[in-house]
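The structure appears below as structure tokens.
Counting starts at 1 for both ligands and their atoms, following the listed order. Each residue takes its place number in the sequence, starting with 1.
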Amino acid sequence: ASTPYLRVTPSMLRRQTGRKGKDAWMALSGKVYNVTPYAKFHPGGIPELMRGAARDGTRLFGEVHPWVNYENMLTACLVGILVDEPEPSA
Ligand code: HEM
């Protein structure tokens, strides 16, 4: 079953480090994934994967393995879309 996209701000993303009982989230090309369930399957190992945790991992990912089809691999891990921080209201 699919759930509606969550709108994830950079400050929400920064809290999802994979530590202190929180899942690890990673933004890739504007989409945000919960990579915690995938971590133990990552061929490059958990520490390498976690270099992209709690932030936009697009550049790192592309430097290491631009050929990897993460969209297919992480369909079930999709959390939402990365959006800008809302403007503080006056
Ligand atoms: C290897 C998936 C994020 C570092 C791989 C491979 C896959 C994969 C499928 C094997 C590729 C191959 O042999 O052709 C993913 C997915 C990611 C992700 C789905 C996002 C959720 C990252 C990040 C890094 C990273 C952020 C950080 C630097 C590596 C490294 C290897 C690797 C170093 C090479 C392992 C080796 O061949 O010894 N990854 N990766 N990955 N990944 Fe990732």
Heavy-atom side-chain proximity of [X] to [Y] below 4.5 angstrom:
X: His42; Y: Glu48; answer: yes
X: Val79; Y: Val8; answer: yes
X: Tyr5; Y: Leu78; answer: yes

> Parallel, tilted or perpendicular for His65 and Trp67, by the 30°/60° rule?
Replying inline: perpendicular
Present, as a list of atom pairs with distances to 0.1 Å, all nitrogen or oxygen contacts under 3.5 Å between ligand 1 and the protein.
unit_1	atom_1	unit_2	atom_2	d
ligand 1	14 (O)	Trp67	NE1	2.7
ligand 1	39 (N)	His42	NE2	2.9
ligand 1	39 (N)	His65	NE2	2.9
ligand 1	40 (N)	His42	NE2	2.8
ligand 1	40 (N)	His65	NE2	2.8
ligand 1	41 (N)	His42	NE2	2.8
ligand 1	41 (N)	His65	NE2	2.8
ligand 1	42 (N)	His42	NE2	2.8
ligand 1	42 (N)	His65	NE2	2.9

>> Whether the side chain of Thr9 engages the backbone of Asp84 through a donor-acceptor N/O pair (distance < 3.5 Å, no angle test) should be reported.
In response: no
> Per the side chain to side chain contact (heavy atoms under 4.5 Å, CB included) rule, which among Leu49, Asp56, Leu74 passes with Met26?
Replying inline: Leu49
